[in-house]
Amino acid sequence: MATILVTGGCGYIGSHTLVDLIENGFDVISIDDLSRSSAYAITGIEKITGKRIKNYQVDLKNFDETLAVFQENVGIAGIIHFAAYKAVGESVEEPLSYYENNIFSLINLLKCAEEFEVPHFVFSSSCTVYGSPAEVPVTEDTVWQTAESPYGATKQMGETIVRDVYRGGRGSAILLRYFNPAGAHPTTLLGESPLGKPLNLVPVITQTAIGKLPGMKVYGDDYPTRDGSCIRDYIHVCDIAHAHTLALLYLLEERNTESTEVFNLGTGNGITVLEAIRMFEEVSGEKLNYAIGPRRPGDVMAIYANNEKAVQQLGWKIQYDLREMMRTAWNWELKVKEAEERARKN
Ligand code: WQD
């Protein structure tokens, strides 16, 4: 079966995608410099799939080291590029590190793909390319506004770079625009392991509930939404992972009609921050310690997807709802705590 190179394979979405690719018969290799992830993810992937995974601990900003991976693995049929910094709030505080990391990594990877004639490329994009959309839900044709954060700007630039590289018809590419990934693998052997303090809502909720964080802030309840808090489209990480397998099959079977195609990966349901908190409390039975704080720079008020294109053209079927996202995220947090307590005793 075809060998697929996954960058960021030890990360949250990358690790879940490696599992899905293996379960669908692909051979895989990973490049992950472990700067924002843990090799512990490899253990989880191997336990779930029973397969050994090779991860090259390489910084994609180092062209020679990245090229060496391609030299060692000739015949790669496709690349899925996850490796990037992805925290909206953090990118507002550290724009240069976001531009340097996310753009230089992509360019090096595309140069290697060109040199080794890798025919198919799947790019991890984001709903942040839409900026603050004039109307919701957004479709793939929704006109971009100015990105609200440097993170979103790197995804807008990344999409443009990939389009231009593949416009020449040398191969084919897909841009997958994720909405808000959440949840963990149902086996609880894999989940979101943000190194250091989490920045995304769901790991902040679960780490607050388990006591790792003393409390949490809801960043604004004065938006013109149904309860004043921001609206997002939370999508289970396993649903996102499977969409990558479907995207690769779409390209390998040459069902694409253009050299680069775009798909929204969201459920189509807009959920407010306070509704997400209430669902977590219902699923976990825990009362969450949160307070209302000021709005966060870089946040958009509301965004959620029209996902019909991915459903119809990729054959994507969403398996998990918000309840399952919160349940699997909480089960994962409990498992991590148990493992940490065992490690402390030994
Ligand atoms: C969600 C909502 C916050 C933390 C994410 C990814 C990004 C991209 C888009 C894939 C916002 C609120 C959060 C907290 C809060 N996805 N919040 N208190 O900013 O939508 O971006 O989805 O590419 O990579 O990061 O996600 O989870 O940070 O915020 O109130 O402690 O939760 O204001 O409304 P965001 P998020």
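We count ligands from 1, going down the list as the structure has it; atoms in each ligand are counted the same way. This structure is a prediction, so every number in the text was calculated from the model and none was measured.
- Counting Ile, Leu, Val, Met, Phe, Trp and Tyr side chains that sit under 4.5 Å apart, directly or through other members, Y223 shares a hydrophobic cluster with M301.
- Judged by a 6.0 Å distance limit and a 45° cone about the ring axis, K54 is positioned over the six-membered ring of Y56.
- Ranking the protein heavy atoms by distance from atom 18 (N) of ligand 1 puts K217 O, 2.7 Å first.
- Each of the following atoms of ligand 1 lies closer than 4.0 Å to a heavy atom of C230: 34 (O).
- Ranking the protein heavy atoms by distance from atom 29 (O) of ligand 1 puts R296 NH2, 3.3 Å first.
- Counting heavy atoms closer than 4.0 Å to ligand 1, residue V202 contributes nothing at all.
- In terms of polar-atom proximity, defined here as any N/O pair under 3.5 Å, D299 does make such a contact with ligand 1.
- Here is the list of ligand 1 atoms found below 4.0 Å of a heavy atom in V218: 30 (O).
- Of all the heavy atoms of Y151, the ones lying under 4.0 Å from any atom of ligand 1 belong exclusively to the side chain.
- A donor and an acceptor atom, one from each side chain of S229 and D221, are nowhere located under 3.5 Å apart.
- Between Y178 and H244, the ring centre distance stays below 6.0 Å.
- Of the options L252, T260, N256, a side chain to side chain contact (heavy atoms under 4.5 Å, CB included) to S172 is made by N256 and by none of the others.
- Nearest non-hydrogen protein atom to atom 26 (O) of ligand 1 is N180 ND2, 3.3 Å.
- In terms of polar-atom proximity, F179 is counted as a contact of ligand 1, with an N or O under 3.5 Å from an N or O of the ligand.
- Looking from atom 2 (C) of ligand 1 to the surrounding protein, the closest heavy atom is Y234 OH, 3.7 Å.
- Shortest contact from atom 21 (O) of ligand 1 to any protein heavy atom: V88 CG2, 3.6 Å.
- The contact set between ligand 1 and L199, taken as ligand atoms under 4.0 Å from a residue heavy atom, comprises 4 (C), 28 (O).
- Only the side chain of R232 comes within contact range of ligand 1, with a heavy atom under 4.0 Å; no backbone atom does.
- The protein heavy atom nearest to atom 14 (C) of ligand 1 is Y219 CE1, 3.4 Å.
- No hydrogens or angles considered: a donor-acceptor pair under 3.5 Å links the side chains of S35 and D33.
- For N180, the side chain to side chain contact (heavy atoms under 4.5 Å, CB included) partners two or more places apart in sequence, or in a different chain, are C127, R232, Y234.
- Regarding atom 36 (P) of ligand 1, its nearest protein heavy-atom neighbour is N200 ND2, 3.4 Å.
- Checked by atom type and distance alone, the side chain of N55 pairs as donor or acceptor with a backbone atom of D32 at under 3.5 Å.
- Ion pair R327/E324 flagged as a salt bridge, since at least one NZ, NE, NH1 or NH2 atom sits closer than 4.0 Å to an Asp/Glu carboxylate oxygen.
- A cation-pi arrangement is present between K155 and F123 under the rule of less than 6.0 angstrom and at most 45 degrees off the ring axis.
- Closest protein heavy atom to atom 8 (C) of ligand 1: S126 OG, 3.6 Å.
- Other residues, nucleotides and ligands contribute only 12 or fewer heavy atoms inside 6.0 Å of the CD atom of E135.
- Taking a cut-off of under 4.0 Å to the non-hydrogen atoms of V273, the atoms of ligand 1 that pass are 2 (C), 12 (C), 30 (O), 32 (O), 34 (O).
- Counting heavy atoms under 4.0 Å from ligand 1, residue L201 touches it through both backbone and side chain.
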